[in-house]
Amino acid sequence: MSQVVTRFAPSPTGMLHIGGVRTALFCWLFARKHGGRFILRIEDTDLSRSTDDNIRIIEEGMAWCGLGWDEGPVVGDPSAWVGPHGPYRQMQRMDLYRAKIQELLDKNLAYRCRCSRETIDARRKTVEAAGKVFQYNRGMDRGKGCAAADHDAGEPAAIRFRMPEEGDIVVPDLIKGPTHFPADSLDDWIIARTGDGPGVIGVPTYNFCVVVDDTQMEVTHVIRGDDHLNNTPKQIPLFAAFGTELPAFAHVPMILGADGAKLSKRHGATSITEYQAMGLLPSAVRLALARLSWTPKINGHAVESAEEELLTDEQMIQLFDLADCQKSAARFDMDKLQWLNQKLIQRASWEELEPHLRPFMDKLYPEAWAAKADEWKAQAIQATQKGKSLTDMAEALRFAFERPADFDEKAVEKFMTPIAKLALREVCAFPDYSHSGLEAGFNAILERHGLKTKELAQALRVALCGRPVSPGIFDTLMLVGRDEVVARLERWL
RNA sequence: GGGGCUAUCGUCUAGGGGUCAGGACACCGCCCUUUCACGGCGGUAACACGGGUUCAAAUCCCGUUAGCCCUACCA
């Protein structure tokens, strides 16, 4: 086979949906695995809902997820693209579509249809009254429409494609297996809407554009949501009409909400932007999404430990196989995503984490984070790397940037004992703020006063942070810094 | 209504004739511990239903039920 080519073809009619990202991820993994190309194509033929803003949201969402495309639009420039098959926005490809439609018309593989909405509705009523299913130019409706009319181009008309009437259309799906559709369950469908005037070919429809694009872009593997499985038998005869080889198809299962219904707003976050804002690592989102409906086989066995769950991108690419994909829909599990996120945060180096954490720090403590030295940042990150999310980490570092606004009353009562305050006074005198220096001084105080570690540590936390929760006590002291520690302790002495 | 897809712990799944039906997340318990966490150990928990085929069915076949998708001059 020639080089593998996959594509992700979203409609810019809203946010970038998490289900779309998963489909894109599968396309991306498959292309990467086989050393192929991954195309981003914008399906914007729905003029009323498509916007440039939505296109930018898609591009930025893809980029954040680390799903780079080899061919497709250039971010922020509607008229530019990269790749030999452009443009990659369908509305910029009208000339191609019209030429292809004319080709079909010339070969009598398609025909002009002047049936109005009203006449079709009337015919539909007749058929349904007889207890049958209405299909254009099929069954009782055969010969009632324009299939044999041979309309010239003199009046505005839609264009219908002549579909086979007998036998089965078989979709050779890589995930679902061969799927048979009786030809008589399909009818002559519209490939181009009614044009603006006589002889004008209107805006072509989705199922038509997809075939033209996938052919022209030399797509070898059509990997898409399984809501498109039923569209495929419409498209297959079109490939035949163009005399082009059929690509391979793989219809991946949908992602459902926790209640098993189609994932929608009421389940919480559905757009990739929201996941970004939650403080998730893109690598965690990739892994969580990939593992929905895909179980990698490592040396022939499925993932069988927590350790093996934590796949790197390289491992995912190497292991990815459509044969290991589930046929059924999967429910989205936020708990699992968060666990993955936590694990990935834990094992990342502070340098890897810093660029992802930075936006959250900048938002919470404007200017302050950037002003810190690398050494300080490293310690801050390492001290909070147990968090479930970047937002947790940012929040856990509040004590390092702000004096406590108030104090946890119960904690004050419990830990701010007279003897603890005596010990705090001595903490003020610590000269050495290295880890070992702090430890030595700390232990000396404990010994002198007969205090337990907990008693001093908690008293310090309350004094420094306002609450009995913070990173390790030496980290806490070091991050606050000597002068500020002394200042915050002052009011308790 | 017609056509299509799907069905194993709460969730993601392994297992494709003989398994104590395995793992991960979540949950519960214990341990560790300077707080919160992390970590370690252990536990609860599933083959949708009904018929076949077979010595033997979660596994193969047929139904049923349920969910989802398509059935637009939306994508």
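Everything numeric here is computed off the predicted structure, so don't read it as measured data. The figures that follow rest on heavy atoms only: side chains count, while hydrogens, waters and symmetry mates do not. Naming: A, B, ... by sequence-line order, numbering from 1 per chain.
- Within a heavy-atom distance below 4.0 Å of RNA chain B, the residues of residues 382-414 of chain A found are A/Lys386, A/Lys388.
- B/C49 shows a glycosidic angle more than 90° from 0 and is accordingly assigned anti.
- Here, B/C9 and B/C47 have their P atoms 7 Å apart, quoted to the whole Å.
- Summarising the geometry, the separation between CZ on A/Arg291 and P on B/A14 is reported as 9 Å, rounded to the nearest angstrom.
- In this structure, of B/A14, B/C5, B/U6, it is B/U6 that holds the atom nearest to the side chain of A/Lys327.
- We find that A/Lys297 and A/Asp321 are not joined by a salt bridge, their nearest charged nitrogen and carboxylate oxygen being 4.0 Å or further apart.
- Looking at heavy-atom distances under 4.0 Å, A/Ser328 makes contact with sugar-phosphate atoms alone, never a base.
- A 3.5 Å limit on both hydrogen-bonding distances identifies B/U71 as the Watson-Crick or G-U partner of B/G1.
- With 3.5 Å as the limit, one finds no donor-acceptor pair spanning the side chains of A/Thr23 and A/Arg224.
- When Watson-Crick and G-U wobble pairs are counted only if both distances are under 3.5 Å, B/G10 pairs with B/C25.
- We find that A/Arg89 and A/Asp44 are not joined by a salt bridge, their nearest charged nitrogen and carboxylate oxygen being 4.0 Å or further apart.
- To the nearest angstrom, P of B/U6 lies 18 Å from CD1 of A/Ile255.
- In the set B/U35, B/G15, B/C38, B/C38 carries the atom at the smallest distance from any side-chain atom of A/Gln342.
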Legend entry - nucleotides 70-75 of chain B: protein proximity per nucleotide (B base, S sugar-phosphate only, - neither; heavy atom, under 4.0 Å): S--BBB

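- Between the C1' atoms of B/G29 and B/A45, the separation comes to 15 Å (whole Å).
- Contacts of A/Gln346 with the nucleic acid, taken as non-hydrogen atoms under 4.0 Å apart, involve only primed sugar atoms and P, OP1 or OP2.
- Nearer to the 5' terminus of RNA chain B, by closest-nucleotide assignment, is the contact made by A/Gly131 (compared with the other of A/Ala457 and A/Gly131).
- One interatomic measurement links the two molecules: CG of A/Leu289 to P of B/C12, which rounds to 14 Å at whole-angstrom precision.
- Atoms CD (A/Glu304) and P (B/A24) sit 10 Å apart, rounded to a whole Å.
- Residue-level contact check: A/Gln326 touches the backbone only, with heavy atoms under 4.0 Å from sugar-phosphate atoms and none from bases.
- Figure legend: cation-pi geometry between A/Lys421 and A/Trp492 absent, as NZ or CZ is not positioned both under 6.0 Å from the six-membered ring centre and within 45° of its axis.
- Checking each of A/His228, A/Glu43, A/Lys234 against A/Tyr206 for a side chain to side chain donor-acceptor pair (under 3.5 Å) leaves exactly one that passes, namely A/His228.
- Between the side chain of A/Arg461 and the base of B/U35, at least one donor-acceptor pair of N or O atoms lies under 3.5 Å.
- No donor-acceptor contact under 3.5 angstrom links the side chains of A/Arg93 and A/Gln90, judged on distance only.
- The glycosidic torsion of B/G29 lies more than 90° away from 0, which places this base in the anti conformation.
- Rounded to the nearest Å, the gap between the C1' atom of B/A48 and that of B/A57 is 16 Å.
- In this structure, B/U19 forms no base pair with any nucleotide, since neither Watson-Crick nor G-U wobble geometry is met with both distances under 3.5 Å.
- If you check every strand for non-hydrogen atoms under 4.0 Å, A/Ser470 touches a base.
- B/C60 and B/G3 have their P atoms separated by 24 Å, with the value rounded to a whole Å.
- Of the charged side-chain nitrogens involved, at least one lies within less than 4.0 Å of a carboxylate oxygen, so that A/Asp313 and A/Arg286 count as a salt-bridged pair.
- Nearest nucleotide to the A/Glu309 side chain, out of B/U13, B/A24, B/U11: B/A24.
- Cation-pi contact between A/Arg41 and A/Phe8: absent, since separation from the ring centre below 6.0 Å together with deviation from the ring axis within 45° is not met.
- Between the CD atom of A/Glu455 and the P atom of B/U35 there is a distance of 12 Å, rounded to whole Å.
- Checked for salt-bridge contact, A/Asp141 and A/Lys144 miss the test: no charged N lies under 4.0 Å from a carboxylate O.
- For the C1' atoms, the distance linking B/A26 with B/G63 amounts to 36 Å, nearest Å.
- The pair A/Asp152-A/Arg114 counts as a salt bridge, with a side-chain nitrogen and a carboxylate oxygen less than 4.0 angstrom apart.
- When rounded to the nearest whole Å, the span between NZ of A/Lys176 and C1' of B/C69 equals 9 Å.
- A/Gln458 places its CD atom 13 Å from the C1' atom of B/A37, with the value rounded to the nearest Å.
- Side chain to side chain, A/Asp213 and A/Tyr97 meet the donor-acceptor criterion of an N or O pair below 3.5 Å.
- When distances are taken from the side chain of A/Ala330 to each of B/C5, B/U13, B/U34, the shortest belongs to B/U13.
- A distance of about 26 Å separates the P atoms of B/G10 and B/G17, rounded to the whole Å.
- The separation of B/C32 from B/C38, taken at their C1' atoms, amounts to 11 Å, rounded to a whole angstrom.
- Pair check for B/C60 finds B/G52; Watson-Crick or G-U wobble, both atom distances under 3.5 Å.
- In this structure, of B/C12, B/C36, B/A14, it is B/A14 that holds the atom nearest to the side chain of A/Ala302.
- To the nearest whole angstrom, the two C1' atoms, one in B/A46 and one in B/A24, are 15 Å apart.
- Ionic pairing of A/Glu455 and A/Lys414 is not present here: no N-O contact between side-chain nitrogen and carboxylate oxygen is shorter than 4.0 angstrom.
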Legend entry - Full working for salt bridge (charged side-chain N to carboxylate O under 4.0 Å, His left out) between A/Glu307 and A/Arg347: CA-CA 12 Å; A/Glu307 188 58 33; A/Arg347 52 183 62 192; 3.1 Å; yes

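- Under the Watson-Crick and G-U wobble criteria, each requiring two contacts below 3.5 Å, nucleotide B/A37 is left unpaired.
- Mapped onto RNA chain B by nearest heavy atom, A/His180 and A/Arg331 fall at different nucleotides, with A/His180 at the one closer to the 5' end.
- Atom NZ of A/Lys336 is separated from atom C1' of B/G10 by 13 Å (rounded to the nearest Å).
- One finds a side-chain N or O of A/Lys343 lying less than 4.0 angstrom from the OP1 or OP2 phosphate oxygen of B/G39.
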